[in-house]
Amino acid sequence: MRRLLFLAYHYPPVGGGGVQRNRRFAEHLRSYGYDPVVITGTGTRDARWSPLDATIADPALADLETHRVQGPEPGGDTGTSRLVNGIIDRPDPHLRWWLDGSLRAGLEAGRSCDAILASLVPYETAQTAITLSERLGIPWIADLQDPWALDEMWLYPTGLHHRIDKRRMRRQLATAAAIVMNTPEAAARLTREFPELASRIVVSITNGFDAADFDGPMPAREDDGTFRIVHTGTMHTTTGLRLRRRKRVRRWLGGVTPHVDFLPRSHVYLLKALERLKASDPALVKGVEVHLAGVLTDADREIAEGSEFPRLLGYLSHEETLALVRTADLLFLPMHDLALGHKAGLVPGKAYEYLASGRPILAAVPDGDVRDILGAVGTADFCRPADVNEMAALLRSAIERARSGAALPEANADAVAPYERRELTRRLAETIDVVLGVSGAPLAASTSTSVA
């Protein structure tokens with residue numbers, strides 16, 4: 001069995017969406033001939049983007065060789081200050097701790113490894129992977145959970161900062177033997193922006209779901225007559241409001257994708273649509289509840305306080321979140337808004353667990369892969385992210401359908417299957433096989449933008 005040095009800061013018992021990808025790659029890679037040697041953090045720092053979740057300390061990971069960077073983990077800057085510090089090569093204390101510690105651990109643990117897989121959260125992990133690749137004499141594979149400087153949701157202080165980071169992305173990814181993007185649009189965007197990278201191995205391997213999470217009996221739910229709308233994960237209310245307040249300054253400074261609106265990636269427009277229905281038909285929305293599960297900001301709470309519908313659950317374990325998803329009457333999937341015709345380079349990680357659940361989905365999303373993926377599954381209704389009128393109409397239809405006892409549309413199983421994490425790990429293993437020249441395992445054409 002070949003050994004794979006796996007750099008993954010986001011790893012159990014840390015929770016959050018990105019952890020699920022790393023967790024299941026680590027577990028399933030052994031089925032495809034790779035024994036992961038994991039380099040990760042202490043697993044003790046509880047932060048907004050890395051909340052602790054003891055329920056995902058999977059027994060299947062217990063016997064993996066795992067090296068945790070020595071703690072304690074220092075506090076660090078967040079947001080704009082962290083971004084600026086990173087661009088001028090002055091990482092904040094936490095980032096420097098991770099980069100220095102993962103390099104030391106990797107040099108020791110990677111001596112007998114055949115390749116490096118680097119989860120680029122944070123993106124600066126690329127530099128550690130490059131240094132390890134040079135010193136150990138083995139290739140590295142970049143796994144991007146978001147498209148880095150090509151991410152329309154990433155805010156830079158100025159256009160100059162964006163250009164600097166884009167050059168860094170281009171330079172560092174050029175050293176990777178393979179580049180894994182997590183949506184087809186992100187993979188296409190990469191090779192459009194950096195044509196020289198098209199000569200390398202560039203593949204799209206999406207986020208996904210675990211079939212085992214949906215195999216058991218349906219979780220119990222009290223039959224209280226309510227119509228339960230569920231949203232899981234973080235929202236972008238705070239950033240959306242701040243961007244709107246500073247819209248003119250932001251346009252002048254650059255550093256933000258033109259015509260992007262973050263505020264719809266929240267509960268703001270859903271509550272507006274429900275209030276509109278309440279004004280026209282109070283009986284219709286009687287008993288409607290909006291369950292919000294995830295780390296909440298003050299702005300999230302303030303928006304919710306003005307409405308009777310929200311139930312603020314806060315952060316739930318992954319197990320509790322899945323139970324909530326499976327018992328929802330309607331799953332709400334909001335995204336940022338873009339100008340018509342502009343495709344999003346992202347698909348929220350929750351989308352894959354939503355589609356696996358078979359529950360109805362209200363997808364308030366822009367053009368892009370998310371519409372294609374959910375449209376093929378057949379359980380979602382779509383509207384533009386900020387279209388309150390259409391959202392209200394879709395809510396009305398969903399509520400009336402549920403109360404009439406009408407049958408729900410069945411998910412297209414063939415469209416769901418490609419997003420199961422064992423299948424996604426198989427595609428990743430194929431990519432590593434190609435990098436290492438392992439015979440008999442060509443990349444599936446459907447996942448490859450280009451193969452060197």
Side-chain angles (χ1 to χ4, degrees), residues 2-14 18-19 21-23 25-26 29 34-45 47 49-50 61 64-78 81-146 148-149 164-165 167-180 428 432 435-436:
R2 294 170 292 277
R3 285 165 63 82
L4 183 70
L5 188 64
F6 188 12
L7 305 179
Y9 175 76
H10 289 265
Y11 191 78
V14 169
V19 170
R21 182 178 180 91
N22 293 339
R23 172 195 187 193
F25 280 165
L29 273 166
Y34 290 96
D35 189 16
V37 177
V38 180
I39 308 295
T40 189
T42 64
T44 61
R45 185 172 184 254
W49 301 108
S50 55
L61 305 178
L64 287 184
E65 183 178 336
T66 303
H67 300 265
R68 294 193 178 273
V69 176
Q70 186 174 357
E73 295 194 30
D77 297 331
T78 58
S81 59
R82 177 169 183 172
L83 178 61
V84 174
N85 287 337
I87 289 174
I88 63 176
D89 288 323
R90 193 181 66 195
D92 66 64
H94 185 264
L95 181 58
R96 174 51 58 196
W97 166 85
W98 164 244
L99 296 180
D100 291 346
S102 59
L103 177 59
R104 286 193 299 270
L107 287 171
E108 182 67 25
R111 291 176 181 173
S112 61
C113 290
D114 300 282
I116 301 163
L117 175 65
S119 174
L120 299 193
V121 182
Y123 298 122
E124 291 87 349
T125 304
Q127 186 54 60
T128 296
I130 292 168
T131 304
L132 287 170
S133 176
E134 292 171 346
R135 296 192 187 180
L136 297 173
I138 56 177
W140 78 282
I141 297 102
D143 181 29
L144 285 86
Q145 297 195 31
D146 290 315
W148 197 340
I164 292 172
D165 204 31
R167 285 198 294 270
R168 174 176 295 179
M169 177 184 180
R170 179 178 223 154
R171 182 177 69 253
Q172 293 187 341
L173 291 186
T175 70
I179 304 165
V180 178
L428 176 62
I432 305 169
V435 168
L436 295 179

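The analysis underlying the following values was restricted to heavy atoms, covering all of them including side chains, and did not include hydrogens, waters or symmetry mates. Residue numbers run from 1 in the order of the sequence given. All figures in this text were calculated on a predicted structure; none of them were measured in a lab.
Taking the side chain to side chain contact (heavy atoms under 4.5 Å, CB included) definition, one finds that I130 meets it with Q127, E134, W140, Q172, T175, sequence neighbours left out. With sequence neighbours excluded, the residues forming a salt bridge (charged side-chain N to carboxylate O under 4.0 Å, His left out) with R170 are E196, listed by chain and number. In this view, R111 and E108 satisfy the salt bridge (charged side-chain N to carboxylate O under 4.0 Å, His left out) rule, not counting sequence neighbours.
Residues Y34 and L117 are not in side-chain contact: their nearest non-hydrogen atoms beyond the backbone lie 4.5 Å or more apart. Looking at M169 and D165, their side chains never come closer than 4.5 Å, going by heavy atoms from C-beta outward. Put simply, the side chain of H10 does not reach to within 4.5 Å of the side chain of S119, judged on heavy atoms. Under the 4.5 Å side-chain criterion, counting only non-hydrogen atoms from C-beta, V180 is in contact with L428. Annotation: side chain of L4 is not in contact with side chain of V37 (no heavy-atom distance under 4.5 Å). Contact annotation: the side chain of I138 approaches that of C113 to within less than 4.5 Å [non-hydrogen atoms, C-beta and beyond]. Contact of the H67 side chain with the V38 side chain is not registered, since no non-hydrogen atoms from C-beta on lie closer than 4.5 Å.
In this structure, a donor-acceptor pair under 3.5 Å is present between the side chains of T125 and W98. Side-chain contact, S112 with R3: a donor N or O sits under 3.5 Å from an acceptor N or O.
Counting non-hydrogen atoms of neighbouring residues, nucleotides and ligands closer than 6.0 angstrom, the CD atom of Q70 reaches no more than 12 such neighbours.
When atom types are taken as modelled, the side chain of R2 and the backbone of D114 share no donor-acceptor pair closer than 3.5 angstrom. When atom types are taken as modelled, the side chain of N22 and the backbone of A8 share no donor-acceptor pair closer than 3.5 angstrom. The backbone N or O of W148 sits nowhere less than 3.5 Å from a side-chain atom of D146 that would complete a donor-acceptor pair.
Between the CZ atom in F6 and the OG1 atom in T40 there is a gap of 9.0 Å [rounded to 0.5 Å]. The OG1 atom of T42 sits 7.5 Å away from atom CZ of R68, with the distance rounded to the nearest 0.5 Å. To the nearest 0.5 Å, the span separating NE2 on H94 from CG on L99 amounts to 10.0 Å. Note: Y123 OH to L173 CG = 10.5 Å, rounded to the nearest 0.5 Å. In this structure, CD in E73 is found 3.5 Å from OH in Y9, a value given to the nearest 0.5 Å.
For the pair L107 and R135, the tightest heavy-atom approach, listed with the atom from each and the gap, is CD1-NH1, 3.5 Å. Here the closest heavy-atom approach between residue S133 and residue P139 is recorded as OG-CA, 4.0 Å. Considering all non-hydrogen atoms of both residues, I141 and A115 come closest at CD1-CB, 4.2 Å. Of all non-hydrogen atoms in P36 and L64, the two that sit nearest each other are CD-CD2, 4.0 Å. Nearest approach of S102 to L132, heavy atoms of both residues: O-CD1, 4.4 Å. Annotation for P72 and W97: closest pair O-NE1, 4.0 Å, computed over non-hydrogen atoms.
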One pair to check against side chain to side chain contact (heavy atoms under 4.5 Å, CB included): I39 and T66. What are the steps and the verdict?
CA-CA 6 Å; I39 308 295; T66 303; over 6 Å; no

